[in-house]
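Structure, as structure tokens:
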Amino acid sequence: MKNEIHRNYQLDFVRIVAILLVFYNHYYCYDFFLDSSNPGILHYILLIPSIICKCGPTLFFMISGALLLNRKENYSSDVLRRVKKFSVVIFAIVFLKFCLNRSFSNAVSLLLNGLNWYFYAYLGFLLLLPVYRSIAANLKKEDWKYIFILVIITNILFSIFRVLNIDVAVLNNLQPLASPWASSAWQCIFPLMGYFIIENKELFIKYKKKIFSGCLLSILLSMVLIRIDIKKNGGANYEMLHQYYTILPSIYIFGSITAKEKISENIYLEKFIAICAPLTFGMFILETQTNLGGILFMIMYQLLGVKINRILISWIAIILKFIIFSIIVYLLRLIPLVRRYI
């Protein structure tokens, strides 16, 4: 109970939103637009959440930045302890999969580059934690403004040039703030953004309306470019045209939630958030390292596929997945060793 008193319910709620967006990203409701030869207004409306769902991983990185970048820790003990703890999770996943298929070569391949990209990106973030802390501690507010604007403009330019199949060397060398493959820079820029927003809530509140307007414009531009890319390139850049436009929506979602003094006056909702938030990492592992989500969707499709649209089936499956995965992870965390790491 002592830990619950000091819980940050705002960040807990961001975790829940983030895992739901990750779920959304992995179902048909994300890439349905590729099947739309003659999209109508409804298709474009449904394209909006499919763009926003890319903010799932970025929100997780922002949470990490908000929680870790303001701490002063010793690299040889505290930081490496975090690295070791996360590495144990990675090796445990590889070992369990090795036990299932009994292939040493597959296990080595899985360890080196076969896990979900987020595991490697987050491990890289932890290894460079002192560097990011130094950046966060020494940047002035005007420097932050410059970086935010540079990242937003760079990602917009990346998206336009990608649709036009033009390679621009200057943009390619702005890493780690921006990258031709957008998510390759997320483990750098989004923790910094999360740190800045959590430390400067008054600034977010001041510019909240402008950020929201920017979100709408960025989503609109993304939708236009996605449609052009489908016609011009057969949708070859569909994934990237989502990733490039996570910046402003991520800032708005994260800032809107964390700027609240209280998530809800309802004590039961706060208890629900407090119970579910610690389960999200375990749910992320189940989502990315098992096929349980796919099996659930297929069961739903066989039961309801004739009667309703696949997008609606996806939405139902997301809700059921959250419930089922929460129960599984909750039960697993009753084991002390499992609870220590996830």
Side-chain angles (χ1 to χ4, degrees), residues 7-27 29-30 45-68 116 118 121-122 183 186-187 189-198 201 204-205 208 211-212 214-216 218-219 222 242-243 245-266 268-288 293 311 314-327 329-330 342:
R7 291 199 71 88
N8 187 320
Y9 288 101
Q10 290 84 350
L11 290 179
D12 279 348
F13 188 60
V14 176
R15 284 190 178 93
I16 294 172
V17 171
I19 195 63
L20 288 171
L21 293 178
V22 170
F23 290 168
Y24 198 103
N25 178 56
H26 292 162
Y27 273 158
C29 47
Y30 162 64
I45 293 174
L46 293 174
L47 183 58
I48 295 173
S50 101
I51 294 170
I52 294 174
C53 76
K54 279 296 172 187
C55 297
T58 63
L59 289 174
F60 279 125
F61 279 126
M62 294 176 86
I63 294 168
S64 296
L67 291 175
L68 299 179
N116 181 271
Y118 182 87
Y122 191 73
S183 55
W186 286 357
Q187 74 274 17
I189 191 61
F190 282 105
L192 292 172
M193 286 183 173
Y195 165 82
F196 180 79
I197 293 171
I198 209 77
K201 294 179 182 179
F204 174 83
I205 294 171
K208 184 176 180 180
I211 294 171
F212 180 72
C215 284
L216 296 180
S218 70
I219 290 171
S222 176
H242 284 69
Q243 289 193 18
Y245 291 92
T246 58
I247 310 293
L248 285 169
S250 296
I251 292 173
Y252 186 79
I253 294 170
F254 186 84
S256 296
I257 295 173
T258 57
K260 290 180 177 293
E261 292 186 9
K262 195 174 181 65
I263 289 295
S264 173
E265 297 296 332
N266 190 317
Y268 296 106
L269 179 58
E270 285 198 340
K271 286 184 177 181
F272 172 80
I273 293 171
I275 291 171
C276 292
L279 309 178
T280 53
F281 181 47
M283 286 192 271
F284 182 84
I285 294 174
L286 288 177
E287 172 69 2
T288 58
I311 294 178
S314 297
W315 293 347
I316 296 171
I318 288 168
I319 297 171
L320 290 177
K321 187 195 296 186
F322 183 85
I323 296 170
I324 294 169
F325 281 15
S326 295
I327 294 171
V329 177
Y330 181 84
I342 66 169

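In this structure, the side chains of Pro49 and Cys29 stay at 4.5 Å or more apart for every pair of heavy atoms. Looking at heavy atoms from C-beta onward, Met62 lies out of side-chain contact with Val14 at the 4.5 angstrom threshold. For the pair Gln243/Trp186, a side-chain contact is recorded, criterion being any heavy-atom separation below 4.5 Å from C-beta on. Residues Phe13 and Lys260 have side chains not in contact (no heavy-atom distance under 4.5 Å, counting atoms from C-beta outward). Side-chain contact between Phe254 and Met193 is absent, with no heavy-atom pair separated by less than 4.5 Å. Two residues are said to be in side-chain contact when any heavy atoms from C-beta on lie closer than 4.5 Å; Ile285 and Asn116 fail this criterion. The shortest distance between side-chain heavy atoms of Tyr118 and Phe60 falls below 4.5 Å. The closest side-chain heavy-atom distance from Leu21 to Asn25 is not below 4.5 Å.
Taken to the nearest 0.5 Å, the SG atom of Cys215 stands 11.5 Å off from the CD1 atom of Ile48. Taking CG of Leu59 as the reference point, atom CG of Leu11 lies at 10.5 Å (rounded to 0.5 Å). Considering CG of Leu47 and OH of Tyr30, their distance stands at 9.5 Å, rounded to 0.5 Å. For the atom pair CD1 of Ile52 and CD1 of Ile253, the computed distance is 6.0 Å after rounding to the nearest 0.5 Å. For the atom pair SG (Cys55) and CZ (Phe190), the distance works out to 7.0 Å, reported to the nearest 0.5 Å. Here NZ of Lys271 is found 9.0 Å from OH of Tyr9. Values are rounded to the nearest 0.5 Å.
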Next on the checklist: Set out, in order, the CA-CA distance, both residues' side-chain angles and the distance that settles side chain to side chain contact (heavy atoms under 4.5 Å, CB included) for Phe272 and Asn266, then state yes or no.
Outcome noted: CA-CA 10 Å; Phe272 172 80; Asn266 190 317; over 6 Å; no
Item to check | Trace of the side chain to side chain contact (heavy atoms under 4.5 Å, CB included) decision for Arg15 with Ile273 | outcome: CA-CA 9 Å; Arg15 284 190 178 93; Ile273 293 171; over 6 Å; no
Checklist entry - Could you walk me through whether Glu287 and Thr280 pass the side chain to side chain contact (heavy atoms under 4.5 Å, CB included) check? => result CA-CA 10 Å; Glu287 172 69 2; Thr280 53; over 6 Å; no
Item to check | Phe23 and Met283: CA distance, side-chain angles, deciding distance, side chain to side chain contact (heavy atoms under 4.5 Å, CB included) verdict | outcome: CA-CA 10 Å; Phe23 290 168; Met283 286 192 271; 4.2 Å; yes
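With a 6.0 Å cutoff to the six-membered ring centre and a 45° limit on the axis angle, Lys321 counts as a cation-pi contact of Tyr27.
Listed for the Ser222 side chain is no donor-acceptor partner under 3.5 Å among the backbone atoms of Ser218. At least one donor-acceptor pair closer than 3.5 Å links the side chain of Lys201 to the backbone N or O of Thr258. A donor-acceptor pair under 3.5 Å is absent between the side-chain atoms of Glu270 and the main chain of Glu265, judged by distance alone.
With Leu279 as the partner, the side-chain contact (heavy atoms from CB on, under 4.5 Å) test is satisfied by one option alone out of Leu286, Val329, Ile342: Val329.
The environment of Tyr252 atom OH is dense: over 12 non-hydrogen atoms of other residues, nucleotides or ligands sit within 6.0 angstrom.
Closest approach of Gly65 to Tyr195, counting heavy atoms only: O-CB, 3.7 Å. Between Ala121 and Gln187, the shortest heavy-atom distance links the atoms O-CB, 3.5 Å. Considering every non-hydrogen atom in both Thr58 and Ser250, the closest pair reads OG1-OG, 2.7 Å. The minimum heavy-atom distance linking Gly255 with Phe204 is given by the pair C-CE2, 3.2 Å.
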